[in-house]
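Throughout, a chain's letter reflects where its sequence line sits, starting with A, and its residues are numbered from 1. From a predicted model like this one, the values you see are computed outputs, not experimental measurements.
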2 protein chains.
Amino acid sequence: MQVITHFIMTEKQEKILHSALELFAKEGYSATSTSKVAKHAGVSEGLIFRHFGSKEGLLDAILKEGEEKAKLLFASIVFETNPQLVIAKTIDMIESLGKSKEGFEFWKLQYKIKWETEKYSEQKMEALHMSLSNAFNKLGYETPDIEATFLLITMDGLATRLCLQESFQVEPMIIFLRRKYKV
Amino acid sequence: MQVITHFIMTEKQEKILHSALELFAKEGYSATSTSKVAKHAGVSEGLIFRHFGSKEGLLDAILKEGEEKAKLLFASIVFETNPQLVIAKTIDMIESLGKSKEGFEFWKLQYKIKWETEKYSEQKMEALHMSLSNAFNKLGYETPDIEATFLLITMDGLATRLCLQESFQVEPMIIFLRRKYKV
DNA sequence: ATTATATAAGTAAGTACTCACACAAATATC
DNA sequence: GATATTTGTGTGAGTACTTACTTATATAAT
């Protein structure tokens, strides 16, 4: 088994990761067999285990990529000093979620895995929570911490609808939120 | 295979249903085998198929029970005429969610299944949505429909946290919401 | 005497994973 | 610079085990 360095990666390695992401997001982790992933990627099943060690190792590789993507996404919010922009950017985040097909699959997997494996990534969100709490404090909100939690929970709910309810219209909700927070 | 009438049900049938609910909620539907359910319920595996036809039939029986539970829970809100009480009762709903162990498992399964099988139960919530929309309208809110959607999404987000984040404190959020809507 | 309840012991198909073996590219030795 | 040696990439057929589901058979209730 090989350590994945992210920079050196064979074509087939990438194909496996991409296929696994797609299938895990569509069918779920437990319901997707390694043989299905191999067939979809057009490689032998053994290659998955050569590169990722186990089925769980394959999932971990996908989730690790995800963490870096999330960090990148949060960075522009966390380093923002204008409190109104912090809130506005947080709200806008949800819009970018469904823009690309790959991005949508990625976030859907994150949520699906959260329910399937029961490992809620509290710490990943902590930086964002602090930024929001700080922003609400600057703007003179009474309970900035709860206000921040509340907005993040709302974003969670919105993302859930976006992933599971095809007919769901996000735009009206985003406009509603912007007006509510005056950003 | 037998039609489940809900009123006539053997002890073993109930044990199967109860065990399946517990295991599906804990491990997920795909990750729970029928043999696991049988062992947990203390019956032979064949009995599951005699009574429920298939693994999916077993799930359907649980979900059907769930629909009736949900209807009962929503009834006291839908038939409420005081708009402030409609909102208050909707918010309070989340508190009752985690009260009993069985109730918690039941709602956890509902959410888990929603992510695992991709069948979002829009219509189940429609009556509640209309009641809320009507309440917000009576109270003079500008966009009562969006306001109702927003509250329901918030409730979704809260339920998610409650199910997945053990450390999560609901009470402060409920107090916050009550103050926010002045109910 | 019929019907419903229950089981134990099957079934074929799938599961995650291993292993022997082939080939290609990089590295070391002469 | 040619040759030997290691290393990484890839496969296909296999492993033991689990999966959802069936069937023959026995017992209990009506």
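Annotation: side chain to side chain donor-acceptor pair (under 3.5 Å) contacts of Thr90(A) (sequence neighbours excluded): none. In this structure, the salt bridge (Lys or Arg N to Asp or Glu O under 4.0 Å) partners of Lys112(A), at least two apart in sequence or on a different chain, are Glu118(B). Residues meeting the ring-ring contact (aromatic ring centres under 6.0 Å, His included) test with Phe74(B), sequence neighbours left out: none. Considering only residues two or more places apart in sequence or on other chains, Ser76(A) meets the side chain to side chain donor-acceptor pair (under 3.5 Å) condition with none of them. For Lys89(B), the side chain to side chain donor-acceptor pair (under 3.5 Å) criterion is met by Glu80(B), not counting sequence neighbours.
Comparing Gly46(A) and Thr10(B), the nucleotide of DNA chain C nearest to each residue sits closer to the 5' end for Thr10(B). Ranked by how close their nearest DNA chain C nucleotide is to the 5' end, Lys12(B) and Glu45(B) are led by Lys12(B).
Regarding contacts with the backbone of dA4(C), every side-chain N or O of His51(B) stays at 4.0 angstrom or more from both OP1 and OP2. Listed pair Lys55(A) / dT15(C) fails the phosphate criterion, with no side-chain N or O lying under 4.0 Å from OP1 or OP2.
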Just list the side-chain donor-acceptor pairs under 3.5 Å for residues 166-178 of chain B, sequence neighbours left out, or say none.
| residue | atom | partner | partner atom | Å |
| --- | --- | --- | --- | --- |
| Ser167(B) | OG | Glu122(A) | OE1 | 3.4 |
| Arg178(B) | NE | Asp92(B) | OD1 | 3.3 |
| Arg178(B) | NH2 | Asp92(B) | OD1 | 2.6 |

Name the atoms and distances for all side-chain donor-acceptor pairs under 3.5 Å in residues 124-144 of chain B, with sequence neighbours left out.
| residue | atom | partner | partner atom | Å |
| --- | --- | --- | --- | --- |
| His129(B) | NE2 | Thr149(B) | OG1 | 2.9 |
| Ser131(B) | OG | Ala127(B) | O | 3.1 |
| Lys138(B) | NZ | Thr81(B) | O | 3.2 |

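Between Ile16(A) atom CD1 and dC17(C) atom C1' there is a gap of 14 Å when expressed in whole angstrom units. Summarising the geometry, the separation between CD on Gln13(A) and C1' on dT9(D) is reported as 9 Å, rounded to the nearest angstrom. The CD1-C1' distance, from Ile48(B) to dT22(D), rounds to 14 Å in whole Å. Atom CG of Leu47(B) is separated from atom C1' of dA8(C) by 13 Å (rounded to the nearest Å). The distance between atom CZ of Phe49(B) and atom P of dT19(D), rounded to the nearest whole Å, is 11 Å. If you take CZ of Phe52(A) and C1' of dG8(D), they are 15 Å apart, rounded to a whole angstrom.
No side-chain heavy atom of Glu105(A) sits under 4.5 Å from any side-chain heavy atom of Phe24(A).
Residues from residues 27-39 of chain B placing a heavy atom under 4.0 Å of any atom in DNA chain D, listed by number, are Thr32(B), Ser33(B), Thr34(B), Ser35(B).
With no hydrogens or angles considered, no side-chain donor-acceptor pair links Ser35(B) and Glu45(B) at under 3.5 Å.
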Would you list the protein and nucleotides 24-30 of chain D atom pairs, both N or O, that sit under 3.5 Å from each other?
none

